[in-house]
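Take a look at the structure below.
Every number for a ligand or one of its atoms is a count from 1 in the order of the listing. For this chain, numbers begin at 1 and follow the sequence in order.
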Amino acid sequence: MTTSDQTRFDRSGLDRPGLDQAGFKRVEVHVEGVVRGVGFRPFVHALAQRLGLAGQVRDDVDGVHLDIEGARTRVAEFLTALERDAPALAEIERVTVVRAEPTGRGDFTIAAADPSGPRRAAVPADLAPCDDCLRELTDPADRRHRHPFVSCAGCGPRFTVVRAVPYDRPLTTMAGFAMCPDCAAEYHDPGDRRFHAPPICCPGCGPRLRLLDPRGDELLGDPVATAAALLRAGRIVAVKGLGGYHLAVAASSEPAAATLRLREQRPDEPFAVLAADLAQAGLLCAVDGNAAALLTSRARPIVLLPRRDAPRAPDAPRVAPSVAPGSLSLGVMLPCTPLHHLLLAEVAEPLALTGGTGEEPIAYDDADALARLGAVADAFLTHDRPIHVRADDSVVRPTADGIAGGVVVLRRARGYAPEPLPLRHFVPRTVLACGADRESTFCLARDRRAFVSPHLGDLENPEARRSYAAGIEHFLALFDLCPEIVAHDLHPGHRSTRHALAIPGVEHVGVQHHHAHIASCLADNGERGPVIGVAFDGSGHGTDGTVWGGEFLRADLAGFERLGRLEPVPMPGGDAAVREPWLMAAAYLGPGDGPPKLDVVRRNAERWAAALALAAGSPLTSSAARLFDAVAALLGVRDRITYAGQAAYELEQHADPAETGSYRARLTPGEPLTVHGADLVRAAARDLESGRPTPVIAGRFHNGVADAVARACTALRDVTGLTAVALSGGVFQNVLLTGRTVRRLRAAGFRVLTHRRVPPGDGGLSLGQAVVAAARDRARLSP
Ligand SMILES: [Zn+2]
Ligand SMILES: [Zn+2]
């Protein structure tokens, strides 16, 4: 009755007769989950007052602790309302109720936080301003009118300003700002919606906005108005957001967007577009109910959406070609801070933004930002509230027909991290999983929770590396965990592997890359397998030392067996083939016969023969991403890339979604089963030579891959008896492919698991490594 293992309500002791002779009773209630920083204590206080109950509420590092006494029926009412009426942002994971002897006290108090004990409290993610705060922002009569830092217990900066737990003001980067009497009164008033809200402040006592020139000298005038004027004049302004600095230009200005590309040396990777509200977003892109929910969610991710077809609405804002060159989609985001709301209102048109790229993480330290962005930005709209931890923008894509729960997360960062991911299967000893080198994240797991770090970029980048090492230390301190097991990729040369192996005094567990992908998908769905795991991605170190990437595994959390794969093909020049997809077209087409009538051969005529010769001595790969690259080059979509995943992303957008035709890849039974991807490339080449439009060919290719996956899984079901399929790996960021594949698998009678909360790409790998290591640990503890 007193253990913390009881799940949800255990009221067995409450209803026993004889415990409340006087009609009074006292209970101690422990609430775990996301209950700090979401207005939970003011809610509890108000509820107790309304019901005339006495007692105490205390934040502790493990959640919220309540001591409640009063009339028996009122206590019961309190316990019901506690969950039913909890603040919208609270996520109650567990409520434990323990009976206690009544003390006869008559008051209700708020006690100081208890910093002792294990720190498993969830540090909340950063949240966009709530409606109440936005009302104050725009109310001329409010003392926080136009205050760029307006926030409350239910919104505002959190993870990015937390230095240590418990999440209280002295341990955040707001500690340096002394509260004015008005703010202090709100802070200490249990009935106020700013009660104990760490980032509370006002124009009188809060951080100060400044506009700086690239040398760091302050520019005169109202910072927001002047920054807006600069943006309207086509200048580049660095804007300090929640998790770091964005570079912003007016979205309509082609010269500004082109200049930003030139200065950033970023020729193609699309910029995001910051729209003032849902209505403006709807003028730019097709926004359905699902997309609207994602855009307005408090995490405020960048949402990849199809651009509106012509004719454009007459009042639609213009988006310059250089904002997202050649892309049929836009990454749209709504304001995530009061400052962004103010700026958008002043500029009166959408802004194009860049933050961190695939390789380089977003700048967050003020001095570092001036140094790194000084050559790019014409001005800095900044302030003196430090960002303690960087957090890039999160990126999501809506899916159709409820596939993947309506969303694929491409990058999990600001607004989501470090919210714990609940685990179905227990983690007996603390695991640190070191993730992958690209799109790197790390993961800490213990008991039934996993804390996945925000996206940290490519570990080849020194800044990403620094953030990675510091981030691991920060998370260990934040959640008071000490790793007993360190999980890592099998690639011996990866930086994440080397980082893992350098940690002394722990047990090291190597996890195969594609097994980790499938395990991540299993954990994302609360399942343990076994399933047929389809892991399609760029590359990962195989257990045979070759490069894998188009894998069919029999997998559960603890282990896997390779049942099938794409037929390996040479990667001419190794990594060069990743940067130059036309090399993969050469590898797939091979020497062949007949005259080279294909455009891809003509475009690369000078090096074609050399590429074929190079292929002969190059490493082999079963990578599905390279198959998509080959077809992208074949169709003239992309011969050379400037950012990761570009060719496949453009091929997906190029495809005609209405096309129902398909190509057929042969399957050869065996151990492993072989899927002949080259058949798809040759079929596409034949259609191309016969003059069929490339969007039709791209559509047929997507359908062909989906068909091949479904047929391979059906063949493997015959062998294994497994009827569930898990789809993972970066290739399944492609929602056209994922949708087609899921539909075909379901039609063939499979239950299909896809990612929901972590990316299918390498950003989700650390979660998979963690649950694999934990499963092996469980097996050892209870064989
Ligand atoms: Zn608020
Ligand atoms: Zn104040």
Exercise. If only atom types and distance count, is the side chain of Arg411 paired as donor or acceptor with the main-chain N or O of Glu439 below 3.5 Å?
Worked result: no

For this session: Check whether any side-chain heavy atom of Cys130 lies under 4.5 Å from a side-chain heavy atom of Glu136, and answer yes or no.
Result: no

Exercise. With the Zn ion (ligand 2) at the center, what angle do SG from Cys202 and SG from Cys183 span, rounded to 10 degrees?
Worked result: 110°

Exercise. How about Cys180: does one of its N, O or S atoms come closer than 2.8 Å to the Zn ion (ligand 2)?
Worked result: yes

Exercise. Would you say the side-chain atoms of Thr441 and Arg412 include a donor-acceptor pair closer than 3.5 Å?
Worked result: no

Problem set entry | Polar side-chain atom of Thr160 near backbone of Pro157 as donor-acceptor pair, under 3.5 Å | no

Exercise. How wide is the angle at the Zn ion (ligand 1) between SG of Cys133 and SG of Cys152, to the nearest 10°?
Worked result: 110°

Exercise. Rounded to 10°, how big is the angle at the Zn ion (ligand 1) from Cys130 SG to Cys155 SG?
Worked result: 120°

